[in-house]
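These notes are about the structure you will find just below.
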Amino acid sequence: MRELSGTAKAGYFLIGLFGSFPGVLFAWLVGKDGWGWSEGGKMFAWIGCLFFVILSIIMTLTGSLVAVLALLTGNGTVTIS
């Protein structure tokens with residue numbers, strides 16, 4: 001088994017990050033031996049996908065917390081003049 005270059009690792013990570021589950025599935029379907037998929041590319045794609053999922057959960061929770069706090073303090077109103 002050969003070692004992946006840093007660019008290939010970053011590429012597979014970005015496929016997982018921006019493509020999430022469909023991106024990893026697409027990379028798995030079109031991945032060929034010798035292109036790095038079997039040499040560790042799938043691990044970096046899944047790490048990117050996991051990073052995307054964790055980041056989206058954090059953003060959803062903090063956004064909803066800010067919205068609830070704005071409504072509770074009265075700062076969530078919009079005035080049109």
Side-chain angles (χ1 to χ4, degrees):
M1 184 186 304
R2 64 186 180 142
E3 183 69 24
L4 286 176
S5 67
T7 307
K9 290 177 185 178
Y12 281 115
F13 178 78
L14 291 175
I15 286 172
L17 181 65
F18 293 119
S20 188
F21 295 112
V24 174
L25 178 67
F26 178 74
W28 176 69
L29 289 174
V30 300
K32 297 179 181 177
D33 290 336
W35 285 20
W37 182 250
S38 59
E39 286 87 15
K42 58 181 134 187
M43 180 183 69
F44 283 99
W46 280 113
I47 290 172
C49 184
L50 181 66
F51 189 77
F52 171 79
V53 169
I54 291 171
L55 189 65
S56 63
I57 289 171
I58 290 171
M59 289 176 62
T60 302
L61 290 176
T62 56
S64 61
L65 179 66
V66 168
V68 167
L69 288 176
L71 288 173
L72 289 176
T73 59
N75 293 330
T77 59
V78 177
T79 53
I80 299 173
S81 56

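What you see below is based on every heavy atom in this structure, not just the backbone, and it leaves out hydrogens, waters and symmetry mates. Just so it is clear, the structure is predicted and the values come from calculations on it, not from any experiment.
Scanning both residues, I15 and A27, for their nearest heavy atoms gives CG2-CB, 4.1 Å. For the residue pair F52 and S20, the shortest heavy atom distance occurs at CD2-OG, 3.3 Å.
Rounded to the nearest 0.5 Å, atoms SG (C49) and CZ (F13) are 10.5 Å apart. Atom-to-atom distance recorded for F51:CZ and S56:OG is 10.5 Å, nearest 0.5 angstrom.
Side-chain heavy atoms closer than 4.5 Å link hydrophobic residues (I, L, V, M, F, W, Y) into clusters, and following such links, possibly through other members, connects L29 to F44. The hydrophobic cluster containing L14 also contains L25, counting ILVMFWY residues as joined when their side-chain heavy atoms lie under 4.5 angstrom apart, directly or transitively. Hydrophobic clustering (side-chain heavy atoms under 4.5 Å, transitive across Ile, Leu, Val, Met, Phe, Trp, Tyr) groups L17 together with M59. Put simply, W46 and M43 are part of the same group of oily side chains (I, L, V, M, F, W, Y) that touch within less than 4.5 Å, one to the next.
Residues forming a side chain to side chain contact (heavy atoms under 4.5 Å, CB included) with F26 (at least two apart in sequence, or on another chain): V30. The side chain to side chain contact (heavy atoms under 4.5 Å, CB included) check on L61 picks up I57, with sequence neighbours excluded.
Note on residues 5-31: pairs passing salt bridge (charged side-chain N to carboxylate O under 4.0 Å, His left out), not counting sequence neighbours, are E3-K9. The salt bridge (charged side-chain N to carboxylate O under 4.0 Å, His left out) analysis of residues 62-71, with sequence neighbours excluded, yields no pairs. Pairs passing the salt bridge (charged side-chain N to carboxylate O under 4.0 Å, His left out) check and including a residue from residues 44-59, sequence neighbours excluded, do not occur.
The shortest distance between side-chain heavy atoms of F21 and V24 does not fall below 4.5 Å.
Grouped with L65 in one hydrophobic cluster are L69, the linkage being side-chain heavy-atom contacts under 4.5 Å among Ile, Leu, Val, Met, Phe, Trp and Tyr residues.
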